[in-house]
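The structure appears below as structure tokens.
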Amino acid sequence: MVLTTAQHRVGFLIAEKSYNHPVVGTFAKLAGAVPVTRPQDSAKLMQGTIVMSGRSVKGQETAFIRELVPGDKLRLKGSADQFKVESITSDTELTLSENGPLPPPSPTPASPFEKLGKVDQSRVYNAVFEHLKHGKCIGIFPEGGSHDRTDLLPLKVGIALIACGMVDKYNITVPIVPVGLNYFRGHRFRGRVVVEFGPPIRVPEELAELYKTNRREAYHQFLTNVEEGMRATLVTAPDYHALHLVYTARRLFQKDNWIPSPQEKMDLNRRFAEGYKILMNKYGDHRPAALVELERRLNDYQKTLHTLGLRDYQVPTLEQDDYLKLCYTIAHLFLVLTLAMMPSLVLNAPVGLIARIVSSREQKKALAASRVKIEARDVVMSKKITLSIVLVPTLWIVYAILLLRYTSLQPSTVAVLFFSCPLFSYLGVMATEAGMVDAKDLKPVVMRLSPGARKKMATLPAERAQLQREIRAYIHQIGPELGSLYTDKTVKWEEYVRKSSSAADLQSLLNEATQTKMQGSPTAGGNEGGGGGGEGGGRGARSLSHNSPKLSHATDGRETPPPIRMTQNPLATGKKDA
């Protein structure tokens, strides 16, 4: 998606195991990808269990001296956090480094753990530096791996190492361009995606000076800027239910006769997503009755549409047809769908069936092995693509062999048919897509033959209209609480994200102060309440945004190569139709 929309040739950093993959690796090499060795790719379950308390780690039946060296990383089984080993005292005691996440101060339960071997990344960074020095563009997924969550994972420090290192070593300021990939049903063939480019992020002078004295703090500040820039190109939500709710509310809020551009649609999606977070953070489990009732009605509306096989855009056009007309419509739709699918039944369906079976199997394996995936839809998409790359031409070759062996066709005729397969296969995909439009209309038409469904469909347009009025009235009622999301015609999302992050940091500090003050209280519930407030404040920082794709130039006089494309994980956001 980025390669086909960016203005530069982009060489992505890619996991070494994928770089060596016979299919993915071949295309990665052709695209100029740079392989990266990741510690997690060599994770190994160690003997014994460990208890972590701050930087101190104590083992039971472990052999730290024999099995570990300073620089290795530890990971509790079932956790995604990695902790770097600083020094080893004995087979049962070691100390963790300050550079990286630290476990909570109180001891963790005894747990099995994995070793992530120390990796020398100097070769990789040198290759990246040379790439950028020669004016080339690097693409990075700073979350470190693909997932299907509705929000960002914690960003890896690599992007900060590259940007700050270029300034320190070569006096070159590299623009970091955030790219948001917002997928809708991305795990299925012919899914949709909105690719959005944010304004470039650069290492400011003060951060370059801080890097010389305190690299850890410089990395932290720069990663904060990067995360804000990425959120400015995404629509994020706490979970899929919330995301679906946001999309449904947005569709009902907008005027029926207004067809928004992708940019306008993403802007409105963000406003609703951010407004939802503001309300959830403000009220928590004590939401006003009006909000609870509105959410219940939206959920009921979604369930009704799913049961009847309808899309929201179809509801205003529902009509009461007589049974003869309904039968004719069903026959017509079925005929169109059948004719559209015939080319694909021969050229694409066998591959699609195999891809679905294999990707489903790989999905289960990935879910069992991953600590960050929800349904592993990213694996489904990736596996379908790689299988198709191999199986589609293989199927054509099998057809050609069968024609030569079991028919009287001349080899030249078979050759013409073989080389025509790509065109026929593509036409089959396009025809099937057109047929699927009719297929979506087929179920609700069939459902109208049922008296109960027919009765429900008759009242649904009026129910939708009433729900629209209630949503618009509620939005106008709470609008002042939403600030610029409601009042501003144009929201500068990068600024909004920055302000939201600052407000959340301030709220987090206030919550920490409250919690510290309440630790002297004899009531345990007071501490729990303080902790909950801190968590709510942290969630308030998760904003999103939309920005101009125009790239500006450096103004500090330094050499400025093409930017780093810094990309959100392919399946990090919505899979629901919008």
More than 12 non-hydrogen atoms from neighbouring residues, nucleotides or ligands closer than 6.0 Å to CG on L423, yes or no?
yes

Between R251 and T248, is a side chain to side chain contact (heavy atoms under 4.5 Å, CB included) present by the stated rule, with each step listed?
CA-CA 5 Å; R251 285 195 298 267; T248 302; 3.5 Å; yes

Hey, could you give me the OG/NZ distance between S382 and K384, rounded to the nearest 0.5 Å?
11.5 Å

To the nearest 0.5 Å, what is the distance between CG (N281) and OH (Y276)?
10.5 Å

Can you tell me if S425 uses its side chain to pair, donor with acceptor, with the backbone of C421 under 3.5 Å?
no

Does any N or O in the side chain of N299 come within less than 3.5 Å of the main-chain N or O of E295, such that one atom is a donor and the other an acceptor?
yes

I'd like to know if the side chain of N182 and the backbone of T233 have a donor-acceptor N/O pair within less than 3.5 Å.
yes

One pair to check against side chain to side chain contact (heavy atoms under 4.5 Å, CB included): L291 and I478. What are the steps and the verdict?
CA-CA 10 Å; L291 179 58; I478 66 169; over 6 Å; no

The criterion is side-chain contact (heavy atoms from CB on, under 4.5 Å); which residues satisfy it with T407, sequence neighbours excluded?
L403, L409

Might you point out which heavy atoms bring L30 and R9 nearest each other, and give the distance in Å?
O-NH2, 3.0 Å

Would you indicate whether the side-chain heavy atoms of V24 and I389 approach each other to under 4.5 Å?
no

Strictly distance-based, threshold 3.5 Å: is any side-chain N or O of D148 a donor or acceptor partner for the main-chain N or O of I374?
yes

Flag the pair M280 / P238 as yes when at least one side-chain heavy-atom distance between them is below 4.5 Å, and no otherwise.
no

Hey, are R270 and E196 close enough for a salt bridge, meaning a charged N less than 4.0 Å from a carboxylate O?
yes

Correct closest heavy-atom pair for L298 and A249 would be CD1-CB, 4.3 Å

Considering residues at least two apart in sequence or located in another chain, which fulfil the side-chain contact (heavy atoms from CB on, under 4.5 Å) criterion with D239?
H241, A242

Is R296 salt-bridged to E293, cutoff N-O under 4.0 Å?
yes

Side-chain touch P260/Q254, heavy atoms, less than 4.5 angstrom
yes

Would you say that more than 12 heavy atoms from the other residues, nucleotides or ligands in this model lie under 6.0 Å from the NE2 of H476, or not?
yes

List the atom of V177, the atom of P200, and the distance in Å for their closest heavy-atom pair.
CG2-CB, 4.3 Å

If we only count heavy atoms from C-beta on, is the V416 to S420 side-chain gap below 4.5 Å?
yes

Between W493 and Y496, is the ring centre distance below 6.0 Å?
yes

Any carboxylate oxygen within less than 4.0 angstrom of a Lys/Arg side-chain nitrogen, looking at K365 and E362?
yes

Is any side-chain heavy atom of Y247 closer than 4.5 Å to one of D312?
no

Going through the checks in order, is the side chain to side chain contact (heavy atoms under 4.5 Å, CB included) test met by V315 and Y301?
CA-CA 11 Å; V315 174; Y301 179 68; 3.6 Å; yes

For D378 and K373, which heavy atoms make the closest approach, and how far apart are they?
OD2-NZ, 2.6 Å

Working to the nearest 0.5 angstrom, can you tell me the gap between I140 CD1 and F12 CZ?
9.5 Å

Without swapping roles, check the side chain of S359 against the backbone of R356 for a donor-acceptor pair under 3.5 Å.
yes

How long is the span from the CZ atom in R271 to the CD1 atom in I475, to the nearest 0.5 Å?
11.5 Å

V10 versus I138: any side-chain heavy-atom pair under 4.5 Å?
no

Gap between atom CG of L279 and atom CD of E274 - 0.5 Å precision
11.5 Å

Which pairs with one or both residues in residues 472-489 pass salt bridge (charged side-chain N to carboxylate O under 4.0 Å, His left out), sequence neighbours excluded?
K282-E481

I'd like to know whether K277 forms a side-chain hydrogen bond (donor to acceptor under 3.5 Å, both in side chains) with T236, so could you lay out the CA-CA distance, the side-chain angles of the two residues, the decisive distance to 0.1 Å, and finally the verdict.
CA-CA 10 Å; K277 294 173 192 174; T236 62; 2.7 Å; yes

With T4 via side-chain contact (heavy atoms from CB on, under 4.5 Å) - residues at least two apart:
none

Is there a donor-acceptor contact under 3.5 Å linking the side chains of H147 and E143?
yes

Which atom pair, heavy atoms only, marks the closest approach of P178 to G229?
CB-O, 3.5 Å

Residues R297 and E463 bridged, charged N to O under 4.0 Å:
no

Looking only at heavy atoms, the pair that brings P142 and I159 closest together is CB-CG2, 4.4 Å

Does a donor on one side chain sit under 3.5 Å from an acceptor on the other, for R311 and Q314?
no

Heavy atoms, side chains only, cut-off 4.5 Å: are L310 and L460 in contact?
yes

For the residue pair F197 and T5, establish whether any side-chain heavy-atom pair is separated by less than 4.5 Å.
yes

Does the side chain to side chain contact (heavy atoms under 4.5 Å, CB included) test come out yes or no for L155 and M230, once each step is laid out?
CA-CA 10 Å; L155 305 188; M230 294 192 70; 4.2 Å; yes

Go through the steps for F418 and Y399 under the test ring pair (Phe, Tyr, Trp, His ring centres under 6.0 Å), then give the verdict.
CA-CA 8 Å; F418 175 77; Y399 284 156; over 10 Å; no

Any chance you could measure E264, atom CD, to N269, atom CG, to the nearest 0.5 Å?
12.0 Å

Donor-acceptor pair, side chain of Q363 and main chain of V380, under 3.5 angstrom
no

Using the test side-chain contact (heavy atoms from CB on, under 4.5 Å), find all partners of V351 that sit at least two apart in sequence or belong to another chain.
S388, L391, V392, L395

Of all residues at least two apart in sequence or in a different chain, which pass the ring pair (Phe, Tyr, Trp, His ring centres under 6.0 Å) check with F424?
none

